[in-house]
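The chain is numbered in sequence order, starting from 1.
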Amino acid sequence: QVQLVESGGGLVQAGGSLRLSCVASGSIFSIYTMGWYRQAPGKQRELVASITSGGNTDYADSVKGRFTISRDNAKNTAYLQGNSLKPEDTAVYYCNADLLVRVDSGRYQRNYWGQGTQVTVSS
């Protein structure tokens with residue numbers, strides 16, 4: 001069974017840092033784009049950052065210069081380093097990935113979500 005598992009969330013003071021990890025496991029042939037999304041209470045889920053299999057990155061304007069997305073293809077893992085955190089960064093952070101996976105005897109591209117990890121930034 002293919003799954004994405006996030007870790008690294010928690011409580012941090014404003015100005016502090018956190019590093020989130022997302023590990024993909026299961027019958028995976030390839031990992032294409034990986035991304036981090038977040039959803040604050042009462043708000044829609046939004047893209048924070050994404051990284052392609054070739055290493056091209058994209059960031060939301062609100063986190064540019066403070067967050068860095070990276071990946072270790074050998075470990076099927078994506079990371080999100082957040083620095084200079086602000087109270088408005090408080091949200092549940094979700095990992096997302098486009099994967100080429102084995103289903104029965106075939107290969108299919110599927111999109112997967114992790115279960116989310118809470119990040120709370122206190123002022």
Side-chain angles (χ1 to χ4, degrees):
Q1 183 178 356
V2 175
Q3 59 179 350
L4 303 179
V5 178
E6 303 105 331
S7 61
L11 175 64
V12 63
Q13 288 188 332
S17 299
L18 273 180
R19 189 192 196 206
L20 306 182
S21 299
C22 170
V23 180
S25 63
S27 298
I28 301 169
F29 292 109
S30 297
I31 301 177
Y32 301 127
T33 297
M34 300 186 79
W36 288 95
Y37 290 72
R38 67 186 181 187
Q39 187 167 20
K43 295 187 177 181
Q44 289 189 332
R45 191 172 298 189
E46 63 175 357
L47 175 67
V48 177
S50 64
I51 183 167
T52 67
S53 57
N56 293 319
T57 58
D58 190 30
Y59 295 93
D61 288 342
S62 60
V63 305
K64 282 182 181 177
R66 300 188 298 120
F67 286 23
T68 302
I69 188 170
S70 61
R71 61 192 285 171
D72 184 335
N73 292 327
K75 296 182 178 180
N76 287 355
T77 301
Y79 305 97
L80 184 69
Q81 176 70 42
N83 299 324
S84 301
L85 290 167
K86 305 175 181 180
E88 49 263 45
D89 294 318
T90 295
V92 178
Y93 284 69
Y94 297 90
C95 179
N96 178 271
D98 286 321
L99 309 176
L100 184 66
V101 300
R102 179 171 65 194
V103 178
D104 296 328
S105 59
R107 297 185 178 194
Y108 299 90
Q109 185 170 345
R110 295 281 189 267
N111 185 263
Y112 290 86
W113 289 93
Q115 82 287 352
T117 185
Q118 177 71 46
V119 172
T120 302
V121 183
S122 63
S123 58

Roughly how far, to the nearest 0.5 Å, is the [atom2] atom of [Y] from the [atom1] atom of [X]?
| X | Y | atom1 | atom2 | value |
| --- | --- | --- | --- | --- |
| Leu85 | Ser122 | CG | OG | 10.0 Å |
| Asn76 | Ser25 | CG | OG | 8.5 Å |
| Ser30 | Arg107 | OG | CZ | 7.5 Å |

Do the side chain of Thr77 and the main chain of Lys75 share a donor and acceptor less than 3.5 angstrom apart?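 Flag set: sc Thr77 to bb Lys75 pair under 3.5 Å.
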
Can you check whether Ala74's main-chain N or O pairs, donor with acceptor, with Asp72's side chain at less than 3.5 Å?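 Yes, the answer is positive, given that a donor and an acceptor are paired below the 3.5 Å cut-off.
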
Looking only at heavy atoms, which two atoms of [X] and [Y] are closest? And how far apart?
| X | Y | result |
| --- | --- | --- |
| Ser50 | Thr33 | CB-CG2, 4.2 Å |
| Arg71 | Tyr32 | NH1-O, 2.7 Å |
| Ile28 | Ile31 | CG2-CG1, 3.8 Å |
| Trp36 | Ala78 | CZ2-O, 3.9 Å |
| Gly82 | Phe67 | CA-CD1, 3.6 Å |

Are Leu80 and Val48 side-chain neighbours, meaning at least one heavy-atom pair lies under 4.5 Å?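 In short, these two side chains touch, coming nearer than 4.5 Å.
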
Side chains of Val119 and Leu18: does their closest heavy-atom pair fall under 4.5 Å?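 In short, these two side chains touch, coming nearer than 4.5 Å.
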
Under the ring pair (Phe, Tyr, Trp, His ring centres under 6.0 Å) rule, what pairs show up with a residue in residues 77-103, not counting sequence neighbours?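 Sorted result for residues 77-103: empty, none.
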
Return each pair, listed once, that meets salt bridge (charged side-chain N to carboxylate O under 4.0 Å, His left out) where at least one residue sits in residues 22-40; pairs must be two or more places apart or across chains.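 For residues 22-40, and leaving out neighbouring residues, the salt bridge (charged side-chain N to carboxylate O under 4.0 Å, His left out) pairs sorted by first residue read Arg38-Glu46, Arg38-Asp89.
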
Any chance you could lay out the side-chain contact (heavy atoms from CB on, under 4.5 Å) test for Leu99 and Arg110, step after step, and finish with the verdict? CA-CA 5 Å; Leu99 309 176; Arg110 295 281 189 267; 5.6 Å; no

Let me check something: do [X] and [Y] share a hydrophobic cluster, defined by ILVMFWY side-chain heavy atoms less than 4.5 Å apart, either directly or through other members?
| X | Y | answer |
| --- | --- | --- |
| Val92 | Tyr112 | no |
| Met34 | Val23 | no |
| Val103 | Phe29 | no |

Derivation of the side-chain hydrogen bond (donor to acceptor under 3.5 Å, both in side chains) call for Gln118 and Thr120: CA-CA 6 Å; Gln118 177 71 46; Thr120 302; 3.3 Å; yes

Taking ring pair (Phe, Tyr, Trp, His ring centres under 6.0 Å) as the test, write out the residues that go with Tyr37, two or more places apart.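 Checked Tyr37 against ring pair (Phe, Tyr, Trp, His ring centres under 6.0 Å); matches are Trp113.
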
Run the salt bridge (charged side-chain N to carboxylate O under 4.0 Å, His left out) test against Asp98 and tell me which residues pass, sequence neighbours left out.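 Counting only residues at least two positions away or on another chain, Asp98 forms no salt bridge (charged side-chain N to carboxylate O under 4.0 Å, His left out).
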
Can you name the residues that form a salt bridge (charged side-chain N to carboxylate O under 4.0 Å, His left out) with Lys43, not counting sequence neighbours?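 In terms of salt bridge (charged side-chain N to carboxylate O under 4.0 Å, His left out), with neighbours along the sequence ignored, Lys43 is linked to no residue.
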
Which pairs of donor and acceptor atoms, one on a side chain in residues 1-17, lie under 3.5 Å apart (sequence neighbours left out)?
{"residue": "Glu6", "atom": "OE1", "partner": "Gln115", "partner atom": "N", "Å": "3.0"}
{"residue": "Glu6", "atom": "OE1", "partner": "Gln115", "partner atom": "NE2", "Å": "3.3"}
{"residue": "Glu6", "atom": "OE1", "partner": "Gly116", "partner atom": "N", "Å": "2.9"}
{"residue": "Glu6", "atom": "OE2", "partner": "Cys95", "partner atom": "N", "Å": "2.7"}
{"residue": "Glu6", "atom": "OE2", "partner": "Gly116", "partner atom": "N", "Å": "3.2"}
{"residue": "Ser17", "atom": "OG", "partner": "Asn83", "partner atom": "OD1", "Å": "2.9"}

